[in-house]
Protein chains: 2
Amino acid sequence: MIDSLEQQLDSIQNASTLEDLQIATEALRDYYKVLHVVYHWVNSIGERFGAGTYSPEWVDRYVEKDYLRMDPVIYGCFQRFTPVIWKELDWSSKAARAMLGDALDHGLGNQGYTIPIRGPSGQFALFTLNNHAEDDAWTAFISDNARDLMILAHELNKKALEFEQWGDAATTPMLSPRELGAMTCLAKGMNRAQAAAEMQISEHTLRVYIESARHKLGAMNTTHAVARALSTGVIIV
Amino acid sequence: MIDSLEQQLDSIQNASTLEDLQIATEALRDYYKVLHVVYHWVNSIGERFGAGTYSPEWVDRYVEKDYLRMDPVIYGCFQRFTPVIWKELDWSSKAARAMLGDALDHGLGNQGYTIPIRGPSGQFALFTLNNHAEDDAWTAFISDNARDLMILAHELNKKALEFEQWGDAATTPMLSPRELGAMTCLAKGMNRAQAAAEMQISEHTLRVYIESARHKLGAMNTTHAVARALSTGVIIV
DNA sequence: TTCTTACTCCCCCAAAATAGTGAGTGAGAA
DNA sequence: TTCTCACTCACTATTTTGGGGGAGTAAGAA
């Protein structure tokens, strides 16, 4: 039993495999005396990865039911910089409440706290604590531990990065300034004529940029190219 | 003189104006005994905002020379999740070294440490400490203070968000499940026929979803709609 | 120097997307 | 109950995009 934050951090920092992180989340669960501790991320092409104490059944069900698409936690964290207390999210939709009920049936607690961390290329990591508790008790617990949890989230994230070798700049294509300009105009809603006018070039030239950007981004069409440019962070609209 | 981390955090949390944050960065500079402490961000439409101890001359020069476009710190932080020690970045390009020399002339130290924080729509915040020091001393200093600095960065960020009212979920339109599905398929690069097949509906029906999503998102065309859906976080690709 | 890369311009034609209509079902809310 | 909204399907004409060519200049790197 690990009984200090320092030791928890050490065990994370010394992790050399995903399994070590798995063990670390279990230790954190015991340390904080909560039901579940989970770290996971989703990258820009939808691959997932993680370590945590959710039961395999719940994870499978989550994937199977495609809860990712309507989970208020995901949705809430995606729109914010800051951590969220689950109770403060919008659970009004029927689907969200159904998911919550389903989660409770699979051994999750009614309270949660999730810290979002975002990366350069649409990577999106979540560090979650889940427990059974009254609203006040949970809020107080979070308030007491928020800073430590932030540090833990970042340390877990750092390790996960090492394992997955993210931030590999080679994978993010370099677009030329004009290509970036073209993508940006399109992302702003201009058509080719408008974008060409904006960039003060002929529409033919603009097309060259769009085409080359599309190839560099490995996109099927213009919409795809803009989507990739946005979600990999090469353009900002 | 504020002489404990707790007091520093309190002064940030109690800030009610940007000037309070400015004072907080000055207090942090004195607390850590460094040359400069800066927090600033860039939002999705390129607006900047910040508080810090850089001289107005340097800030003006930075903007005037458009250093933002080639600053290795910006570039490095943009490609990483994790904080960067400036010395570890790639300063090989002529422009980068020229900028560094210019920075030293404007009162910056040779060492720096920058923590990037990313937001939902390309928002991008940086918290930087800058000082004159030997490599080893600086590395040791950072290693000792990394966790505290992370907490400080997040607290500053939280305040900055309050002032600017980002992440205002009320402004993001609600798309129906099918509309979300349609946008997601398009963002993945499918054309209408493929998306319709994927969603198991006729192409005509798919078009209705695209149209209604476009109207809800206030977009000029499909590409624009997908771009808005992505950058407001209503879909995840 | 040579070589690459970014930048600019032009053609043609098929394929895809868009705009403007329309209508009918079922579920849930007021 | 009535009313709204999500969901499903259809037609026609017009505009926009996509894919295939080719070609020349200027700047910077090897």
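Just so it is clear: chains get the letters A, B, ... in the order the sequence lines come, proteins before strands, and each one is counted from 1. Worth knowing before you read on, the calculation uses all heavy atoms, side chains too, and leaves out hydrogens, waters and symmetry mates. Owing to the predicted nature of the structure, the values given are computational and were not obtained by experimental measurement.
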Practice task
With DNA chain C as reference, determine whether Thr223(B) or Thr205(A) sits nearer its 5' end, using the nearest nucleotide of each.
Solution key: Thr205(A)
Handout entry: Ile210(B) CD1 to dT16(D) P, straight-line distance once rounded to whole Å
Key = 18 Å
Exercise for the section: Rounded to the nearest angstrom, tell me the gap between atom CG in Leu186(A) and atom C1' in dT16(D). Expected result: 12 Å
Practice task
Tell me whether the OP1 or OP2 atom of dG18(D) has a side-chain N or O from Thr222(A) closer than 4.0 Å.
Solution key: yes
Problem - Donor-acceptor contact present, side-chain Asn110(B) to main-chain Ala133(B), <3.5 Å - result: yes
Handout entry: Side-chain N,O (Arg207(A)) to OP1/OP2 (dC10(C)) below 4.0 Å
Key = no
Handout entry: Between P of dT17(D) and NE2 of His224(A), the distance in whole Å
Key = 18 Å
Practice task
Could you tell me whether a side-chain N or O of His36(B) sits under 3.5 Å from a main-chain N or O of Gly107(B), the two making a donor and an acceptor?
Solution key: yes
Problem - Identified side-chain hydrogen bond (donor to acceptor under 3.5 Å, both in side chains) counterpart of Tyr39(A) within the set Thr128(A), Asn157(A), Thr25(A) - result: Asn157(A)
Exercise for the section: Grab the CE-C1' distance between Met199(A) and dC7(C) for me, whole Å please. Expected result: 10 Å
Exercise for the section: Taking only the side-chain nitrogens and oxygens of Lys216(B), find out if one of them lies under 4.0 Å from OP1 or OP2 of dC5(D). Expected result: no
Exercise for the section: Round to the nearest Å and state the distance from His204(A) atom NE2 to dC13(C) atom P. Expected result: 15 Å
Problem - Spacing of Met190(B) atom CE relative to dA16(C) atom C1', expressed in whole Å - result: 17 Å
Practice task
Identify, between Asn191(A) and Arg178(B), the residue whose nearest nucleotide on DNA chain D lies closer to the 5' end.
Solution key: Arg178(B)
Handout entry: Under 3.5 Å donor-acceptor, Thr53(B) side chain and Val37(B) backbone
Key = yes
Practice task
Report yes if a side-chain nitrogen or oxygen of Ser202(B) is closer than 4.0 Å to either non-bridging phosphate oxygen (OP1 or OP2) of dC9(D); otherwise report no.
Solution key: yes
Handout entry: Pro177(B) or Asn221(B), whichever maps to the more 5' nucleotide of DNA chain D
Key = Pro177(B)
Practice task
Let me know the distance between CD of Gln200(A) and C1' of dT8(C), rounded to the nearest Å.
Solution key: 14 Å
Exercise for the section: May I have the distance from Glu203(A) (atom CD) to dT15(D) (atom C1'), rounded to whole angstrom? Expected result: 11 Å
Exercise for the section: Check every strand shown and say whether Ser176(A) touches a base, only sugar-phosphate, or nothing at a heavy-atom separation below 4.0 Å. Expected result: sugar-phosphate
Problem - N/O donor-acceptor pair under 3.5 Å between Trp138(B) side chain and Gly112(B) backbone - result: yes
Practice task
Name the closest nucleotide to the Tyr209(B) side chain, picking from dC9(C), dC9(D), dC7(D).
Solution key: dC7(D)
